[in-house]
Amino acid sequence: MASSSSALPTTISFSVTFLILLSSLETASGCFTSIFAFGDSLADTGNYATIYPPIFHLSNGTLYCGLPPYGETYFHHPTGRCSDGRLIIDFIAEYYGLPPVPPYLMGAKHRSNSRFEAGLNFAVAGATALDVPFYGEKGISSTLANISMSTQLRWFKGLLRSLCYSSSCSEVFKSSLFLMGFGGNDYGKAFLQGKSLEETKSLVPLVISATRSAINELIDLGVVNIMVNGLLPDGCSPAMLTYFKSSNKEDYDTATGCLSWLNDFSNYHNELLQEELNRVRANHPDAFILYADYFNPLMQLFRSPEQNGFGGRSLMACCGDGGPPYNYNFTAQCGEPASTACARPSLYISWDGIHLTEAAYRFMAKGLLEGPCTTPTINTLCTSMKKDFGFASAMTSQL
């Protein structure tokens, strides 16, 4: 497991790049023509809200992102996104001149070919990389249906005949971007149900293996452009900081106040994931496999929030209950009557103690699309696509 001291520092060039990224996000049309997503609440644009109505939340005590004040900043009403506004997937779609990626389940009853040729979002809040029955055998319970990675892939494969009705899937998918991100819920469920660090660490190779298998399955179906994101620095999450509050000062990073051991765990997953993606690239040289760094951009914000346009209380949730230092209460989560939302979400990194604000997601998206936070850089991928597939449009945004 990587240590905090070795994994977290960033270079001067990284910091300078992010200062540049504070300008408005540009657009780059003519690269991807559709987006398909698999994942959890970091990408879900409405699937969870379709599966579970508000009455489920009220009776079960689970976080429900379909209640006000979710969505208040941009959409001005709840959309099923676990934020006050847009997510990274929304900013990616905007950047490439595409409409918002519709949730698969929300339009299942009245979907036409013309609607989902521009992409579909299969991500569901709470989804895990590994199946629910596996966790049952490990003594880790789940209140949700099996909305795991394998389920989402099954939904996708069920649409292949419709997606590829006029040409081969390889032809359709060569200009499609596929997003994938799992792991946070696998580990979060284990930690919050009392599993030790070593017990939870034993899940990492299994999660990475499942991710590799899913990527290989997509490639076999004709997919060539896949961006896989790593974990967030969960040690900076107000929810985890509240749950694992410690009197031992050595548990915390003195520069940020985050839980060092939990951020080390996130880095451990991210390092193993990158190693596995390198092996996938070697086995599939014709595929473009991107790693999306979700860790370092956020650490940039937690170290220097005010320098990057955020407020000084970087570890405090905008929407919640309990007040400083974290404003998180497991019994009065965002959307429940006892909770309140801050007046200016754009000054906060955390929206509800678990998920981020639109402002934080926007900052991260800029790092992915215009900065150093994808390996290889996504603009390089687009240049290769234009050369290989004959795209005429040039990228309109260069740093």
Side-chain angles (χ1 to χ4, degrees), residues 1-4 7 39-42 48 60-63 82 123-152 181-214 229-253 257-276 294-295 298 315 317 326 328-331 333 350 352-355:
M1 185 177 296
S3 65
S4 299
D40 51 29
S41 57
L42 297 183
Y48 181 96
N60 198 53
T62 348
L63 182 69
C82 294
V124 186
T128 53
L130 306 176
D131 289 336
V132 169
F134 167 83
Y135 286 112
E137 295 172 1
K138 295 288 185 180
I140 301 172
S141 63
S142 175
T143 58
L144 304 178
N146 189 22
I147 49 176
S148 64
M149 183 191 301
S150 63
T151 298
Q152 295 178 28
F182 291 90
N185 291 309
D186 295 79
Y187 310 134
K189 291 179 188 297
F191 279 131
L192 294 175
Q193 294 184 41
K195 299 301 179 182
S196 69
L197 180 61
E198 289 306 312
E199 286 177 305
T200 307
K201 188 177 178 181
S202 70
L203 297 174
V204 177
L206 302 177
V207 169
I208 300 300
S209 177
T211 302
R212 179 196 64 229
S213 296
N229 65 265
L231 294 183
L232 302 170
D234 288 332
C236 303
S237 158
M240 300 304 266
L241 284 161
T242 300
Y243 191 87
F244 293 107
K245 187 176 181 179
S246 171
S247 58
N248 185 357
K249 293 182 179 180
E250 294 183 358
D251 286 343
Y252 297 92
D253 176 6
C258 302
L259 286 164
S260 298
W261 66 268
L262 193 48
N263 278 352
D264 286 346
F265 181 89
S266 294
N267 264 322
Y268 174 68
H269 166 95
N270 292 344
E271 288 169 2
L272 263 61
L273 175 60
Q274 291 179 77
E275 291 172 4
E276 195 61 50
Y294 278 20
F295 189 97
L298 269 186
L315 300 179
Y326 308 127
Y328 185 82
N329 184 340
F330 282 92
T331 62
Q333 299 187 62
S350 177
D352 58 12
I354 301 173
H355 309 97

| message | Measuring only between side-chain heavy atoms, which start at C-beta, is His355 closer than 4.5 Å to Ser350? | response | no
Minimal heavy-atom distance between Met149 and Ala210, with the atoms involved, is SD-O, 3.5 Å
With sequence neighbours left out, the residues meeting ring pair (Phe, Tyr, Trp, His ring centres under 6.0 Å) with Tyr252 are none
Checklist entry - Distance-only, no hydrogens or angles: does the Asp251 side chain make a donor-acceptor pair with backbone N or O of Leu259 under 3.5 Å? => result no
Expected output: side-chain Thr211 to main-chain Ala129 donor-acceptor under 3.5 Å = no
Residues passing the side chain to side chain donor-acceptor pair (under 3.5 Å) test with Ser148, sequence neighbours excluded, are Asp131, Asn146, Ser150
- Query: Does Asn270 use its side chain to pair, donor to acceptor, with the backbone of Leu231 at less than 3.5 Å?
  - Reply: yes
Tyr328 meets the ring pair (Phe, Tyr, Trp, His ring centres under 6.0 Å) criterion, sequence neighbours left out, with Phe330
Sequence neighbours excluded, the answer for side chain to side chain donor-acceptor pair (under 3.5 Å) partners of Gln193 is Ser141
Of all heavy-atom pairs linking Ile147 and Gly126, the shortest is CD1-C, 4.3 Å
Those residues at least two apart in sequence (or on a different chain) that pass side chain to side chain donor-acceptor pair (under 3.5 Å) with Asp234 are none
inquiry  = Quick one, Ile354 and Gln333 - any side-chain contact, counting heavy atoms below 4.5 Å?
reply    = yes
Within 6.0 Å of NZ in Lys138, more than 12 heavy atoms from elsewhere: no
CD1 of Ile208 to OH of Tyr268, rounded to nearest 0.5 Å, is 9.0 Å
The side chain to side chain donor-acceptor pair (under 3.5 Å) partners of Tyr187 (sequence neighbours excluded) come to His269
Exercise. Got a donor-acceptor contact below 3.5 angstrom from the Tyr326 side chain to the Leu315 backbone?
Worked result: no
- Query: Centres of the Phe191 and Tyr243 rings: under 6.0 Å?
  - Reply: no
- With distance as the sole test, does Ser202 use its side chain to make a donor-acceptor pair with the main-chain N or O of Glu199 at under 3.5 Å? yes
Closest heavy-atom pair, Gly353 versus Ala317, reported as atoms and distance to 0.1 Å, is N-CB, 3.4 Å
Separation between CG (Leu262) and SG (Cys236), nearest 0.5 Å, reads 8.5 Å
Hey, does Phe295 have a side-chain heavy atom less than 4.5 Å from the side chain of Asn263? yes
| message | Quick one, Tyr135 and Lys189 - any side-chain contact, counting heavy atoms below 4.5 Å? | response | no
Q. Hey, is the main chain of Ser209 close enough, under 3.5 Å, to the side chain of Glu276 for a donor-acceptor pair?
A. no
query = Short question: side chain of Asp186, backbone of Leu130 - any donor-acceptor pair under 3.5 Å?
reply = yes
task: Answer with yes or no whether the side chains of Asn248 and Ser246 bring together a donor and an acceptor at under 3.5 Å.
output: no
Is there a side-chain contact between Leu192 and Met240, using heavy atoms and a 4.5 Å cut-off?
yes
d(Asn267 CG, Leu272 CG) to nearest 0.5 Å is 11.5 Å
*For the pair Ser266 (side chain) and Leu232 (backbone), establish whether a donor and an acceptor sit closer than 3.5 Å, ignoring hydrogens and angles.*
yes
On a heavy-atom basis, the closest approach of Gln152 and Phe182 is OE1-CZ, 3.6 Å
